[in-house]
There are 2 protein chains.
Amino acid sequence: MAERKLSSTNYYNQAFLEEKCALNELIYLLSKRWMTEVLFSIEAGNNRFTSLKDDLEHISDHILADRLKLLEQQGLIHKTHLPVNPPRTEYELSAKGAELSDLLDGLCNFAETQMQFQQFTTLIK
Amino acid sequence: MAERKLSSTNYYNQAFLEEKCALNELIYLLSKRWMTEVLFSIEAGNNRFTSLKDDLEHISDHILADRLKLLEQQGLIHKTHLPVNPPRTEYELSAKGAELSDLLDGLCNFAETQMQFQQFTTLIK
DNA sequence: CTGTATCCGATAAGATACTG
DNA sequence: CAGTATCTTATCGGATACAG
């Protein structure tokens, strides 16, 4: 995906916030579209690229590959390549990923019970 | 701030995800830059527009006003206008806001102890 | 099957100027 | 003091084509 431009207030402020508190880095990661859904889908047992893609319905190859890469880089999932033909790759949650998933469940419960958003859902039939 | 274009896969997918789980709406809200810092700064006792602006250092008027409006719309903070001259507005966390803040503390602790990011901080002197 | 490369539209953040 | 209006630029998500 696109590189970041190192000279810009935009970049500088992001760096400033991430320096200030790692929470900002974590939220930045999780806020990437489909990220939490990918995490939950792996937790639910979808351990292949294609099964994830089917489970998530509207995600593109490009984005799914990117999200898997980011999750792996952060040690939230483990990736196993099996040297067979056709190629086969399996994904699973790490202990760290499972811990994060639990924290997100808490947040999810808060969101479901305490918030009344409905900003973007009016379009869905 | 900018309006959303109702016809686009981009919009549709966001709506799809928010429909699927309110967590996606919450994270979308929290991921707006400075959002969590504004919340924490109000919690820390900065209850005026200017004191928030000073505390957060690099935030612009535009963005601070927008974040305060969003937090108020979601019932996470309360806003009080005092009809004096010069105008005086005070902000405080709601019970819901305090609850969210606690959940974020848990996430923050996870981020500080379990993650090793350091993606964007190399520029900061 | 599991991805990668390139291009483009949509959105968010920030700069600047201004106001009751 | 506490914002609002307008414009610009950076970044992200998605479409399409392609590859080992």
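The sequence lines fix the lettering, A, B, ..., with proteins before strands; numbering per chain opens at 1. Nothing here was measured: the structure is a model prediction, and the numbers come from that model.
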Peer 1: Choose from D:dG3, D:dG13, D:dC1 the nucleotide whose nearest atom is closest to any side-chain atom of B:Pro86.
Peer 2: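 Output: D:dC1.
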
Peer 1: Think A:Trp34 has a side-chain N or O under 4.0 angstrom from the OP1 or OP2 of D:dG14?
Peer 2: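 Checking D:dG14 against A:Trp34, a side-chain N or O does come within under 4.0 Å of OP1 or OP2.
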
Peer 1: Quickly work out the B:Met35 CE to C:dG14 P distance and round it to whole Å.
Peer 2: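 One finds 13 Å between P of C:dG14 and CE of B:Met35, rounded.
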
Peer 1: Below 4.0 angstrom from OP1 or OP2 of D:dG3, is there any side-chain N or O of B:Lys79?
Peer 2: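 Answer yes for this pair, as a side-chain N or O of B:Lys79 is under 4.0 Å from OP1 or OP2.
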
Peer 1: Looking at A:Arg33 and B:Asn10, would you say the former's side chain and the latter's main chain have a donor-acceptor pair under 3.5 Å?
Peer 2: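 Yes; at least one donor-acceptor contact below 3.5 Å.
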
Peer 1: What nucleotide among C:dA13, D:dA10, D:dA2 has an atom nearest to a side-chain atom of B:Arg67?
Peer 2: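 The answer is C:dA13, which lies nearest to the side chain.
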
Peer 1: Report the nucleotide, chosen from D:dC12, D:dG14, D:dC1, that has the shortest atom-to-atom distance to any side-chain atom of B:Thr9.
Peer 2: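 Between D:dC12, D:dG14, D:dC1, the one nearest the side chain of B:Thr9 would be D:dG14.
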
Peer 1: To the nearest Å, how far apart are B:Leu64 CG and C:dA15 C1'?
Peer 2: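 Answer to the nearest Å: 16 Å.
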
Peer 1: Please confirm whether the shortest side-chain N or O distance from B:Thr50 to OP1 or OP2 of D:dA2 is below 4.0 Å.
Peer 2: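 For D:dA2, OP1 or OP2 has a side-chain N or O of B:Thr50 closer than 4.0 Å.
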
Peer 1: Tell me which nucleotide among C:dT11, C:dT2, D:dT11 gets nearest to the side chain of A:Tyr11.
Peer 2: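 Per side-chain heavy atoms of A:Tyr11, the pick is D:dT11.
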
Peer 1: Nearest of D:dT11, D:dG13, C:dA10 to any side-chain atom of A:Arg4?
Peer 2: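 Among the listed nucleotides, the one closest to the side chain of A:Arg4 is D:dT11.
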
Peer 1: How many whole angstroms separate atom CG of B:Leu17 from atom C1' of D:dG14?
Peer 2: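 Rounded to whole Å, this separation is 13 Å.
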
Peer 1: Taking any heavy-atom pair under 4.0 Å as a contact, classify B:Ser60: base, sugar-phosphate, or nothing.
Peer 2: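 Here B:Ser60 touches no strand at all.
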
Peer 1: Which atom pair, heavy atoms only, marks the closest approach of A:Asp105 to A:Phe40?
Peer 2: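 So the two residues come closest at OD1-CE2, 3.9 Å.
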
Peer 1: Please give, in whole Å, the distance from D:dA2 C1' to B:Asp55 CG?
Peer 2: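 To the nearest whole Å, that distance equals 17 Å.
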
Peer 1: By side chain to side chain contact (heavy atoms under 4.5 Å, CB included), which residues pair with B:Leu103, not counting sequence neighbours?
Peer 2: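 So B:Leu103 forms a side chain to side chain contact (heavy atoms under 4.5 Å, CB included) with A:Leu107, A:Phe110.
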
Peer 1: From B:Lys79 NZ over to B:Glu90 CD, what is the distance, rounded to the nearest 0.5 angstrom?
Peer 2: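 It is 13.0 Å, given to the nearest 0.5 Å.
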
Peer 1: Let me know the distance between OH of A:Tyr28 and P of C:dT11, rounded to the nearest Å.
Peer 2: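 Rounded to the whole Å, the gap is 18 Å.
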
Peer 1: Show the nearest heavy-atom pair for residues A:Lys53 and A:Ile59, with the distance to one decimal.
Peer 2: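 So the two residues come closest at NZ-O, 3.4 Å.
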
Peer 1: CG of A:Leu70 versus P of C:dG3: gap in Å, rounded?
Peer 2: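 To the nearest whole Å, that distance equals 13 Å.
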
Peer 1: Please list, pair by pair, any protein nitrogen or oxygen found under 3.5 Å from a nitrogen or oxygen in nucleotides 4-6 of chain D.
Peer 2:
{"residue": "D:dA5", "atom": "N6", "partner": "B:His62", "partner atom": "ND1", "Å": "3.1"}
{"residue": "D:dT6", "atom": "O4", "partner": "B:His62", "partner atom": "ND1", "Å": "3.2"}

Peer 1: On DNA chain C, compare the nucleotides closest to B:Asn10 and A:Glu90; which residue's is nearer the 5' end?
Peer 2: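 The residue closer to the strand's 5' end, by nearest nucleotide, is A:Glu90.
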
Peer 1: Look at all strands and tell whether B:Lys32 reaches a base, only sugar-phosphate, or nothing, counting heavy atoms closer than 4.0 Å.
Peer 2: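 The answer is sugar-phosphate, as B:Lys32 gets under 4.0 Å only of primed atoms, P, OP1 or OP2.
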
Peer 1: Without swapping roles, check the side chain of B:Asp55 against the backbone of B:Ser41 for a donor-acceptor pair under 3.5 Å.
Peer 2: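 Absent.
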
Peer 1: Which heavy atom in B:Glu37 sits nearest to a heavy atom in A:Cys21, and how many Å separate them?
Peer 2: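 So the two residues come closest at OE2-CB, 4.1 Å.
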
Peer 1: According to a strict under-4.0 Å criterion, is A:Arg48 in side-chain N/O contact with OP1 or OP2 of C:dT2?
Peer 2: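 Answer is yes, contact under 4.0 Å.
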
Peer 1: Would you call the rings of B:Phe16 and A:His58 parallel, tilted or perpendicular, where under 30° means parallel and over 60° means perpendicular?
Peer 2: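 Aromatic pair B:Phe16/A:His58 classed perpendicular.
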
Peer 1: Tell me which nucleotide among C:dA13, D:dG3, C:dT11 gets nearest to the side chain of B:Arg33.
Peer 2: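 Within the option list, the nearest is C:dA13.
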
Peer 1: In whole angstrom, what separates A:Arg88's CZ from C:dT2's C1'?
Peer 2: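 Taking atom C1' of C:dT2 as the reference, CZ of A:Arg88 is at 12 Å.
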
Peer 1: Could you give the CD1-to-C1' distance, from A:Ile63 to C:dT2, as a whole number of Å?
Peer 2: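 Value for this atom pair: 16 Å.
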
Peer 1: State whether B:Asn13 places a side-chain N or O below 4.0 Å from either non-bridging phosphate oxygen (OP1 or OP2) of D:dG14.
Peer 2: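 Looking at the OP1 and OP2 atoms of D:dG14, one of them is under 4.0 Å from a side-chain N or O of B:Asn13.
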
